[in-house]
Engineer: 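Take this structure, written in structure tokens, and hold onto it; I'll ask about it next.
Since this is a predicted model, take the numbers as computed values, not measurements. Labels below follow one simple rule: chain letters A, B, ... track the order of the sequence lines, proteins then strands, and each chain is numbered from 1.
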Amino acid sequence: MKRRDLLKGLAGVPFLGAYGYLLLDKIKHTPDINDNPFIHFLEKKLPLPAEQTPYSSDGKKLRIGIIGTGSRGSYLMKALGFLPPESIDQMNEKQQLLFSEQPDLNVEIVAICDLYQPRAEKAALAAANIDRHGTLKFNRPAVRIYASYMQLIADNTVDAVVIATSDQWHAPITIEAAKAGKHVYCEKALTHNLEDVFKVRDAVLSNRITFQLGHQNRQTENYIRSKQIVDAGLLGKVNLVETSTNRNSENGAWLYNIPESANEQNVDWKQFLRNGNRHFNKEHFFRWRLFWEYSTGLAGDLLTHEFDCINQILGMGIPEKVSASGGIYHWKDNREVPDVFQVMMEYPSKNMSLMYSASQANSANRPRLIMGTDASLEIGGKINLNVDPGSRLYQKYLKNNLVQPNNAVCLNNAESLKLDGISSATEKYFASRGLLYTTHNGKMMDTTHLHLAEWLHAIRTGSSTSCNIDRAFEEGITAQMATLAYREEKVKKWDGDRVI
Amino acid sequence: MRNNKSEKIALTLLRIAIGWLFFHEGINKLITEGWTAKMYLLQSNGPLQSLYHWIVSNESILQFTNYSLIVALTLIGLALIIGLYERFFTIAGIIILALFYFAYPPWGELINNHTEGNYLLVDKNMITACALLALFHFNIAKEFGLDRFRFKPNN
């Protein structure tokens, strides 16, 4: 073989040698991210994300009655695995696949109750669609429709009820169902007035039913993880929490569609009114969230989600003092409830404040912010820990430049801690990009489906629900304090037993 | 192909550079403790999303994918650097790049602040794949690379 041939044939080999030399040199001179004492400290303090146990649907098939089948009620039915055949027709292939893959909860919807007849009929067909078929294959008879919730509750074939009515009916229906020994999944807000909060708690406790309030955020991996972070003491002493609601659309401002065909014949207006004898009003029936007579406004509808989310993480319970302000600043329609709304919740004995702020005419993205003496936690699609420059806990790491103050450290889970550390050489420790997944044991899941699954699991096994009546009571009292503070323009106080 | 020495050297350098890129991707994953393609696959948004999500849904398939990817990247890289079985490995490289391309196809919004560059239809994966396609046809390793010995065993 000629020397020229040999050299040409081996042309690439020196590059391999150069690569090996450079790599070894780089390994020698790159500080190992895993050797960062700050990371070691976090890893030591922070337990691994808890493996979520799947909610078992084994055992007896549970028979459910749905009371209220508007947009939320229909969504709950979908989360239970029931959709009208025509809705399945309208889905694209991917949506159909996702829906068909949603786990079977081993339930049957045996009865429907809604005050608007066409809606009840549609829901009754959805309830019968146990095979999740489109119109072509669907051939089952609709399930029973009851004209009143009392009749549905009296039905012996109903084991449990899902309540998704307007706010003013949550309490009366929950109380009746509890008295009849039916388990209850109730949408937020817990009640429409203060006295009902106590009555609902008594009814649920004395009849020993399994109760779940519809704060599906309890199932969200990020909040479960955030609780671990707070419990591990990584924030120091929490003294201020900021949380908010921002929406900017007609739908977000509750201006729902009013069906033209709705009239006094197909709307049970009398039953809709809990008190009084107001004349039939379509706007009030279909846009009930805008009026105090049926609604709790932003306090009951959206503050409650935020409150429960923070309560899930911090477990701070009912505020000792609540003040509220705001007004109807944008939607100059017939509404009575404010569209810009602020609530200050004070916890003197826990040395912290919780600040809620909402706008229905702006959709800025404001992450929840939990502020402690050592760090702040920003909870959005990702969980970012920002070490405070004044922290004592992290003092030595700050001094040695092992962590940069107010530079986000992404803590979604153990994997993100490792991955983000590696993925970007330009950022010192962690990339702050979010990891887009809300998973349940590695699978993308609908939180409402999980929340219902947890409730059904609890009914079958006697275990507790995550948003049980104790948590619901805290939510209910807080929402009522906020509404009263706004409407009466007074600071409302909680003395441990009652609101004054 | 024209018998121009500078052209051949340029093509050889291109092959080695692409090989280097693959080789380092493989080695880097190999030496990174706990590396997994899980997050990459979970966040993918292209036409192969369901395949990638299926991979993630099963731990042993995910592990197999992780190892296969490391082995493939390293081998392709090594082969391209030293110029061995060039035609086979350029095609293997194109297939891998296509899998990357369709994991995050640049067909979406014009402005995306979360990526390190801005692409519309054509991205670095596609350009590298095109370069590999050219290398496949020129087959320069027959002259500058170990393939020279395969094709001229007695010379």
Engineer: Which region of B:L80, side chain (C-beta onward) or backbone (N, CA, C, O), has a non-hydrogen atom less than 4.5 Å from a non-hydrogen atom of chain A, or is it both or neither?
Structural biologist: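 Interface part for B:L80: neither.
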Engineer: Let me know if B:I82 has heavy atoms under 4.5 Å from chain A in its side chain, its backbone, both or neither.
Structural biologist: both
Engineer: Step through the shown structure and confirm whether more than 12 heavy atoms of other residues, nucleotides or ligands are within 6.0 Å of OH on B:Y85.
Structural biologist: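 No, because the 6.0 Å sphere around OH of B:Y85 holds 12 heavy atoms or fewer from other groups.
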Engineer: Hey, do the aromatic rings of B:W20 and A:F15 have their centres closer than 6.0 Å?
Structural biologist: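 No: the rings miss the under 6.0 Å criterion.
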Engineer: Do other residues, nucleotides or ligands put more than 12 heavy atoms under 6.0 Å from A:L24 CG?
Structural biologist: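 Yes - once you tally the heavy atoms of other residues, nucleotides and ligands closer than 6.0 Å, there are more than 12.
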Engineer: Is any side-chain heavy atom of B:F144 less than 4.5 Å from a side-chain heavy atom of A:L7?
Structural biologist: no
Engineer: Could you tell me the separation between the NZ atom of B:K8 and the NZ atom of A:K8, rounded to the nearest 0.5 Å?
Structural biologist: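 The distance works out to 6.0 Å.
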Engineer: Sort B:L13 into side chain, backbone, both or neither according to what part of it lies under 4.5 angstrom from a heavy atom of chain A.
Structural biologist: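 The side chain, not the backbone.
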Engineer: Considering only heavy atoms and a distance below 4.5 Å, find which of A:G9, A:A11, A:P14 pairs most often with chain B.
Structural biologist: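 Looking at each of A:G9, A:A11, A:P14 in turn, A:G9 comes out on top.
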Engineer: Heavy-atom pairs under 4.5 Å with chain B are the metric here; pick the option from A:L23, A:L16, A:V13 that has the most.
Structural biologist: A:L16
Engineer: Looking at every non-hydrogen atom in both residues, tell me the closest pair between B:I27 and A:Y19 and how far apart they are.
Structural biologist: CB-OH, 3.5 Å
Engineer: Which bit of A:L6 comes within less than 4.5 Å of chain B, counting heavy atoms only: side chain, backbone, both or neither?
Structural biologist: both
Engineer: How long is the gap from CG on B:N28 to NZ on A:K26, to the nearest 0.5 Å?
Structural biologist: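 Between atom CG of B:N28 and atom NZ of A:K26 there are 10.0 Å.
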